[in-house]
Each structure stands twice: as C-alpha cells, then as structure tokens.
Amino acid sequence: MAVHVASPRIWSRDLQKAWSTWGSRLCSQSSSSTQPSHHPRTQAEKAKRRQAREKAILSSDVNDPGLLWSDKEKITYTAALVPGEKKDTTLPFPQSYSPEYVEFGWYQWWEKQGFFSPEQHNPEKIHLTPHAVDKYFSFCIPPPNVTGTLHLGHALTVAIEDALARWRRMQGCKVLWVPGCDHAGIATQSVVERKLMREQGKCRRDYSREEFLKQVWRWKDEKGDEIYHQLRKLGGFSSAVTEAFVRLCDSGLIYRSEALVNWSCALEWTQRSCLAGLFCLFPVISRKWKGEVAVSTTRPETMLGDVAIAVHPDDPRYKDLHGKHCRHPFTERLLPIITDSMVDVTFGTGAVKVTPAHDHTDFLLSQRHSLPRLTGVKRFDARERVITALMERKLFRGKKEHPMSLPICSRSGDVTEPLLKKQWFVRCQEMGRKAVQVSERALNVWLHQVEIMPIDWCISRQLWWGHQIPAYRVTLENSKDTEEQEQWVWGRSAAEARQRAAVKFGVNPDAITLTQDPDVLDTWFSSGLFPFAMLGWPQQTEDLKQFYPNSILETGSDLIFFWVARMVMLGRELTGQLPFKQVLFHSLVRDKYGRKMSKSLGNVIDPLDVISGVSLERLQEKVREGNLDPRESVVAMEAQKKDFPKGIPECGTDALRFALCSYKAQGEDISLSVSHVLSCRHFCNKMWQTVRFTLATLHDASLPTSLTYPLSGMDRWICWRLYSTVQQCERGFQSYELHTVTSALHSFWLHSLCDVYLVNREKQVAVSVLYHCVSISLALLSPIMPFLTEELWQRLLPYADSDGTSRSLCVQPYPKTSQLEHWCFPKEEADFSLVQEVVRVARLLRAQCQLTKERPDCERTSSFC
C-alpha cells in the first residue's frame with residue numbers, strides 16, 4: 001500500500017534534507033538516548049534566543065498597548081431547553097451576534113441525534129442521508145498529554161481535524177474521528193512530583209508505588225476530564241500495549257541489552273538534551289616509551305573508569321605509540337593505546353581517554369575494540385577527589401576554558417549523566433526495512449534512514465506512571481541469579497509468563513519465582529499503537545475491519561520521528577499494513593514573542609478563555625496555580641499584563657476555529673494573535689446581520705425561494721462569484737489548504753455579497769438569488785463554523801424549498817460546482833471589476849472623511865457599508 005503526503009509543499013527538498021538529520025536521531029534521541037547530541041551551536045542559540053525573549057517581556061520600554069477591546073452586549077438563550085433537545089429557532093432574532101446565545105444547546109443536540117456516529121450510514125438510516133457514498137474517512141487526534149489542560153496549539157489540531165471530519169461527513173462519507181489522551185509518562189510524573197513537593201513537601205520515594213500511582217490517577221482524572229470537555233467544546237488500551245510487547249519479543253524485535261542511557265540524577269530516570277567545561281591535562285606514563293601522553297578531558301571524575309587511550313590513526317604526533325600501552329596513574333592498570341577515526345585531532349591534545357560506562361562515543365569505541373566497561377563513584381565527589389589526587393602526584397598539567405555541549409534534563413534542570421544500564425530495545429532496522437518496502441515517495445526518504453540506523457530504540461523508562469513492562473525476571477530454586485546471568489520471560493499475564501518460564505527452563509511452575517520489571521514502557525511505544533489499538537486491536541473488531549488503515553494522519557511537524565515514524569513501523573509490523581494513507585503536517589503555534597506554546601513556560605492560552613472570555617486576574621491565577629518554575633511564573637505573568645491588560649474578550653468557538661483555519665498550516669510557524677480571533681468575531685457579526693436582513697427580505701417578499709435563472713446582470717455576477725467560491729472551497733478542502741477556504745468565503749461574504757450585491761440589489765428579482773447565495777455559503781462555512789452556520793441555517797429553513805427530510809446543516813450535502821454549472825457567468829466578472837473598484841474607493845473615502853450615520857449631511861448609506 002502506498003502512503004502519499006497530503007500537500008506537495010509539505011515534502012520539499014528542504015524537509016527531505018531535514019529528515020536525513022531527524023532520521024539519524026529516530027532511535028537514539030528518545031528520552032532514553034543511546035547517542036549524544038552533536039548540536040551545541042543550536043542549543044546555544046536556543047538559550048540565547050530564550051534569554052532575549054525573556055528580556056523583551058520583562059523590559060518596561062514596550063510601546064505595544066496590548067489587546068484593546070470594548071465589552072459587547074451578552075445575549076443568552078433564556079427559553080427552557082432539555083439537554084439534547086433542539087433549540088427553538090422561531091424565537092425573535094436577536095439584534096446582534098452573541099457567541100453564548102448561538103452556541104447554546106447545539107452540540108448536545110448533534111450528539112443525541114447521532115450525527116457524529118458512523119452508524120448514520122446503516123441501511124435503516126440511509127433515508128436520512130440520501131447523499132451517502134460507499135466510502136469511509138477515519139483518523140485520530142494526536143493524543144494530548146494529560147499534564148494539564150489544552151492550549152491553542154492543541155486547538156489548531158482540533159479545528160483542522162474537526163473541519164475535515166465535518167466536510168467528509170457532508171460529502172456522504174462514513175466518518176470516524178477518535179480523540180485520545182496520552183498518559184505522557186515522564187511529563188505527567190514530573191508534574192505530579194512537583195505538585196506533591198509544593199503542596200505536601202513530599203517526593204515520590206516518600207510513597208509506595210501504589211500510593212504514588214493513586215496520586216497520579218487523581219491528577220489524570222482531573223485533567224483528563226477537562227481535556228475531553230475542551231475537545232467537545234472545540235468540536236481498553238493497556239491490553240493492546242501488552243500484546244504488542246509480547247508479539248515483538250516473540251519475533252525477536254524486542255530484546256534486553258546493556259547500553260548507555262542519559263540518566264537524570266535528580267529524578268532518577270532516563271532523560272536527554274550548553275554550558276562550559278574545562279580541559280584538565282594529565283600525563284599517562286608509557287610502559288616502553290620514555291615520556292608521557294597528555295590526555296584531554298572535560299570529565300576528570302570519570303578517570304577511574306578509563307580502559308584505553310584513543311588517538312587518530314593519521315595523527316603524526318602519536319605514530320610511534322600505536323599498539324603500545326600506558327599505565328593508569330591511579331590504578332596501575334595497563335591501558336592500550338588504540339587508533340580510531342572517531343577521534344578529533346583538533347580537540348585538545350588529540351589524545352583522549354576512553355570511558356565506556358560514562359560517554360556515548362566511548363561506548364561505541366568499546367564495542368568496536370572489545371574494551372571492558374567499568375563504573376565509578378558519584379560524579380561530583382569523584383571530580384574533586386581525582387583533581388586533588390592528580391595535584392598531589394604532580395600529574396596535573398593545568399586547565400583552560402572550553403565551550404562544550406552539556407545535556408540538561410528538561411524536567412529538573414539537572415545535568416544528565418550517561419549511565420550503563422540494562423534496558424529493553426526495539427530493533428528498528430528490520431521494521432524500517434519492511435515499512436520502506438510498502439511505502440512510496442517522500443515517506444520512503446525518511447523511513448530509509450530508520451532502515452540504515454545502527455542504533456536501536458530504548459523503550460525502558462525508570463518511572464512508576466505508565467504501562468509497566470510485561471517482562472519478568474526468573475529466579476529458580478537453588479539457582480544463583482546474578483546481574484550478569486539474569487534470565488527473563490514475558491507474557492500477557494504473570495500466569496502466562498510462569499508457564500513460558502516452566503517450558504523454557506524445564507522445571508515445575510511452582511519452582512519459579514517471577515519479579516516483574518519495575519520499569520514502564522516509553523510513552524511513544526504505546527502512542528505508536530494508537531491508529532489500530534483505538535479500533536479494538538488485537539481483536540478483529542468490526543471497527544478495525546471498516547476503518548483501518550486510517551484515511552489520514554494530521555499532526556504537528558515536530559512529531560515526525562517521535563510519533564509518525566514509530567506508528568508506521570509498528571503498524572506495518574503488527575497489522576501488516578501502514579496505519580494511514582496520507583500524512584498532513586501543520587505548523588507549530590507560537591506566542592507573539594516567538595516562543596512555542598508550552599505549559600512549562602506558562603505562555604499557553606486556554607481555548608476556552610478565548611471562547612468565553614477571561615479577566616487578567618483569572619489569567620494570573622492560573623499561572624500561580626500551575627507547577628511553573630518561579631522565574632517562568634514571573635515572565636509569564638508579566639507577558640499577560642502586557643498582552644492582555646483588560647483580559648481576553650469573548651470571541652466564541654466559531655471565531656476561534658475560523659481564525660485558526662485561516663493560517664497557512666503548512667509552512668512557517670504560526671504566531672497566533674488574539675486580535676485576529678477578535679476580528680473573526682466581527683466577521684461573525686457581519687454574517688449575523690446579513691442573515692437578519694435576508695430574513696426580513698424573505699418575510700416581506702411574495703416570491704418563492706425556489707432556484708430560478710438569474711435575470712439581471714447583478715444577479716448573474718453574484719451567482720458567478722458564488723460558483724467561483726464553491727470551486728475554491730472544493731480545491732482547498734481536497735488539498736487540505738483550509739486557509740484558501742476561509743479566504744474565499746471571507747472574500748465572498750464581505751466583498752461580493754455585502755459590499756456590492758446587497759448595496760446594488762434589484763429587490764423584486766433578487767429574493768431567490770439572495771436566499772440561495774446565503775444558504776449555500778452557510779453550507780460552505782459549516783465545517784469550519786458549525787455553531788453559527790447551524791443557527792442561521794435553521795432560521796432560513798422555513799423558507800427552503802425542502803422535501804421535509806432536512807434536519808441539520810452538518811449532515812446536508814456539501815455544495816458542488818457540478819450542481820451550479822448553470823450559474824457560471826465568467827463574462828459578468830470582467831464587467832463588474834470596475835464596480836468593485838468604485839465601491840472600494842468610496843468606502844476608503846468614507847473612512848478617511850469619518851463619514852458616519854450621525855452626520856446628517858452625509859449621503860445615506862446601507863447598513864452593510
């Protein structure tokens with residue numbers, strides 16, 4: 001099966017080049033990395049940019065007045081309404097648009113009516129959707145972490161995906177859209193630990209594992225429920241994880257081995273990620289050569305674990321030392337002098353010590369040259385002792401400043417250390433090779449990087465929160481089980497593991513003691529199963545048969561190798577198929593200072609606050625209630641004061657969705673502005689006033705609304721503009737470029753329908769044309785602005801030439817150009833270009849001269865101006 005990328009711009013040469021870098025990190029730069037980071041410049045630049053942004057936020061000489069707005073009248077739906085029942089749209093039409101009034105009740109009615117259910121396509125219900133087609137459209141929401149509530153970055157994902165789901169449903173497809181919530185092992189446990197320390201002064205070790213997990217479940221239930229509430233407002237997994245682990249172990253794709261991991265000493269789990277280091281020069285006495293070798297190191301504390309000295313084979317300074325030995329200054333151990341091209345001749349003296357148990361590069365050297373691996377004492381204690389001992393023996397040759405890349409734990413801020421530890425690994429090469437064989441085009445480019453990678457994916461995490469690894473250490477009666485000779489089995493349950501162990505070792509099951517691995521699986525392992533596990537796998541459910549593979553995956557471009565590639569490999573291996581047919585990447589959402597929206601920075605904006613409005617005081621309370629670092633809290637609250645001095649106004653769901661979809665999703669990162677959302681609310685009010693005028697016109701008119709051939713030039717022109725808009729919406733949705741859809745509809749509604757047609761209409765002829773222009777454009781907007789369009793469409797429904805089967809706009813057929821070809825008048829477009837220019841200039845002059853309705857000497861103008 002072929003996998004195609006949704007937009008040709010997504011997979012450019014630049015992205016393919018970028019994947020050549022990302023692919024090389026796929027297996028190694030998970031949170032349990034087995035290879036060091038080699039991007040000190042990038043890390044340093046990030047730190048510099050972060051400091052500059054914080055300075056800009058904290059500085060007082062900022063002229064930006066922030067978001068300014070005036071309160072709008074709030075109108076509420078006051079009629080009695082049982083949840084799930086349909087609103088009464090025969091009530092008087094309010095004078096102005098109010099999001100709270102419009103959005104009230106519709107979602108509950110949609111859910112109760114089952115409009116979102118794929119079962120709408122069942123034979124007994126097919127009369128309700130006569131435009132249904134024999135096609136399905138399925139996809140899943142990238143599971144947000146349960147570390148807090150959703151922010152506008154998540155809202156972008158939801159807005160895009162819900163719009164696509166609604167569009168396909170209106171096309172008659174059988175649609176299944178599954179939300180999820182990721183357990184986020186490292187992030188969630190870190191958040192809960194900070195919360196417990198702040199509120200109770202306790203750390204994880206003060207609880208038993210079971211007691212601590214109760215605390216995490218309490219947090220998860222609180223935040224998980226809030227996330228699902230947010231998903232609604234915006235529009236049995238464990239057995240699958242166990243099954244996947246067992247199957248991959250049985251096939252030899254998961255194995256246990258000793259390797260280096262990046263260990264967070266503060267948190268006691270595996271981590272990843274510039275500081276300054278030192279050169280410490282010390283001599284090593286050669287056994288058969290009079291003199292010394294000055295060795296460069298930034299880690300003198302690891303000397304006790306040294307097993308060799310490495311030089312470059314082409315370095316002329318050490319030609320005579322190849323194959324010889326040196327004596328360790330402390331242990332008197334003989335250290336071989338090895339040659340390897342990995343040594344940088346420009347680093348220090350060109351001779352480096354090899355400490356396999358404390359450095360990723362050294363670990364690879366030990367594998368190449370069959371060197372032993374030794375562990376030592378605690379790092380900072382060892383550093384002082386080693387330097388003191390070198391000075392006492394007069395072997396210390398000085399130190400100098402040396403910039404270096406130093407990995408920092410993203411959760412604790414502590415320096416991470418390479419630690420030699422036995423872990424569970426996934427063989428990526430074999431799965432990558434299989435995925436490459438069935439994929440095409442750009443997907444093949446980055447999967448090929450997985451196929452050729454020599455380093456596998458470590459899936460062990462030293463956490464308590466997460467899917468505990470279903471592997472068991474076996475202890476037999478009268479056996480001496482040591483770390484070097486440990487024996488393991490795995491199973492779907494402890495009972496199954498015991499039976500496997502009995503067969504494997506040929507003993508009675510009662511003679512076996514099993515101890516389950518206390519580690520949990522990497523979050524990305526379970527997340528990689530989501531496209532098929534959500535449908536009931538490993539059972540062959542009807543949902544799995546109908547909706548797998550998924551039609552598309554829509555996600556952020558920052559998850560290409562963390563999530564996308566792993567879903568492809570695991571899906572191909574465990575189901576025999578690629579998990580999705582297309583991949584659509586959207587850009588990252590950043591704040592006005594260019595920072596990625598992140599809970600750890602406190603710069604996130606809750607979409608519900610944009611929808612319903614929020615005061616500055618409440619925004620600041622949320623920051624104080626969070627688990628932020630004290631400095632980050634100060635920066636976050638200062639940014640809020642500058643950006644939202646009066647808080648955030650009520651914008652409504654439709655305005656937020658329209659604003660999010662109006663950004664170009666594929667390309668540069670999105671710097672989201674709440675003022676842009678506010679302008680979209682003004683557009684909602686323009687739509688409200690237009691329909692209000694249309695209803696008044698329909699009420700006064702005696703002419704039917706059935707579609708007739710437009711007679712006047714003005715009618716033909718607006719019909720042509722509508723036809724062109726339908727065409728642009730079709731193309732935009734087909735290419736997943738929603739910004740072209742919003743642009744086309746915004747332009748049609750404001751600049752064609754309101755600015756020209758309603759100002760220059762011929763009343764007696766335009767009634768049916770006006771009705772169809774408004775109702776069709778509402779249908780075009782429905783996937784993106786579902787609440788407002790439903791409210792307005794239901795108001796227009798009594799005037800429709802309907803067969804009585806119309807229930808909701810969200811299940812009506814999406815307009816097609818093939819149905820409006822009789823409204824194609826390209827000649828009228830050329831004739832009216834002059835009219836549009838005159839109107840544009842007139843409006844510009846009116847604004848410049850400040851002509852308003854209050855000035856009696858002004859020419860009376862339409863309310864649509």
Side-chain angles (χ1 to χ4, degrees), residues 3 5-7 9-12 14-16 18-19 21-23 25-26 29-31 46 139-165 177-184 186-187 227 230-231 234-235 410 442-443 446 522-524 526-528 530-531 550-568 579-580 582-591 594-601 603-607 656-657 659-672 736-739:
V3 170
V5 177
S7 172
R9 289 200 299 274
I10 300 175
W11 285 102
S12 62
D14 291 339
L15 185 54
Q16 292 182 7
W19 176 253
T21 301
W22 294 338
R25 294 155 46 204
L26 173 62
Q29 200 174 346
S30 64
S31 58
K46 287 182 178 179
F139 61 119
C140 56
I141 295 180
N145 290 351
V146 68
T147 52
T149 55
L150 302 185
H151 55 70
L152 289 179
H154 300 105
L156 173 65
T157 300
V158 175
I160 292 173
E161 294 187 5
D162 189 55
L164 294 177
W177 182 40
V178 182
C181 191
D182 191 1
H183 72 274
I186 293 177
I227 284 174
Q230 288 174 306
L231 291 175
L234 283 166
S410 59
L443 184 64
W446 45 274
D522 180 12
T523 297
W524 298 109
S526 53
S527 295
F530 196 60
N550 296 174
S551 304
I552 192 172
L553 173 74
E554 194 280 335
T555 186
S557 56
D558 56 333
L559 296 181
I560 292 177
F561 76 89
F562 278 119
W563 193 42
V564 179
R566 285 159 179 167
M567 282 190 289
V568 170
F580 28 74
Q582 292 180 309
V583 182
L584 174 64
F585 296 118
H586 66 248
S587 302
L588 298 180
V589 176
R590 299 186 180 275
D591 63 15
R595 303 178 301 167
K596 179 182 176 181
M597 285 200 173
S598 169
K599 302 182 190 78
S600 61
L601 293 177
N603 65 339
V604 298
I605 299 176
D606 187 336
L656 176 59
R657 288 169 59 109
L660 290 168
C661 291
S662 67
Y663 288 96
K664 186 177 179 181
Q666 297 91 35
E668 298 296 325
D669 290 347
I670 296 171
S671 182
L672 186 66
Y736 303 113
E737 295 178 332
L738 300 191
H739 66 282

* Atom pair CD1/CE of I670 and M597 - distance to nearest 0.5 Å -> 10.5 Å
* Minimum side-chain heavy-atom gap H154-V589 below 4.5 Å -> no
* To do: Report yes if the side chains of L656 and L152 come closer than 4.5 Å at any heavy-atom pair, otherwise no.
  => yes
* To do: To the nearest 0.5 Å, tell me how far T157 OG1 sits from L660 CG.
  => 9.5 Å
* Asked: Do you know the tightest heavy-atom contact between M567 and P531?
  -> SD-CG, 3.4 Å
* Structure fact -> CD of E161 to NE2 of H586, rounded to nearest 0.5 Å, is 8.0 Å
* Structure fact -> Looking only at heavy atoms, the pair that brings K664 and S587 closest together is O-OG, 4.1 Å
* List in chain and number order the residues that pass side chain to side chain donor-acceptor pair (under 3.5 Å) with N603, two or more places apart in sequence or in another chain; answer none if no residue qualifies. => D591
* Audit row: L672, R590, side-chain contact (heavy atoms from CB on, under 4.5 Å) steps and yes/no -> CA-CA 6 Å; L672 186 66; R590 299 186 180 275; over 6 Å; no
* To do: Give the C-alpha distance, both sets of side-chain angles, the deciding distance and a yes or no for side-chain contact (heavy atoms from CB on, under 4.5 Å) between F139 and S551.
  => CA-CA 6 Å; F139 61 119; S551 304; 5.7 Å; no
* Asked: Short question: side chain of W524, backbone of R566 - any donor-acceptor pair under 3.5 Å?
  -> no
* Does L738 reach the side chain of I160, with side-chain heavy atoms less than 4.5 Å apart? -> yes
* L553 versus Q582: any side-chain heavy-atom pair under 4.5 Å? -> no
* Asked: Heavy-atom distance under 4.5 Å between the side chains of I552 and F580, does that happen here?
  -> no
* May I ask you to test the S527-W563 pair for a side-chain heavy-atom distance under 4.5 Å? => yes
* To do: Determine whether V158 and W177 make a side-chain contact, defined as any pair of heavy atoms from C-beta on separated by less than 4.5 Å.
  => yes
* Can you find a heavy atom in the side chain of F585 that is under 4.5 Å from one in the side chain of V564? -> yes
* Asked: OG1 of T555 to CG of L584: how many Å apart, nearest 0.5 Å?
  -> 9.5 Å
* To do: Heavy atoms only: give me the nearest Y663-S671 pair and the separation to one decimal.
  => OH-O, 3.9 Å
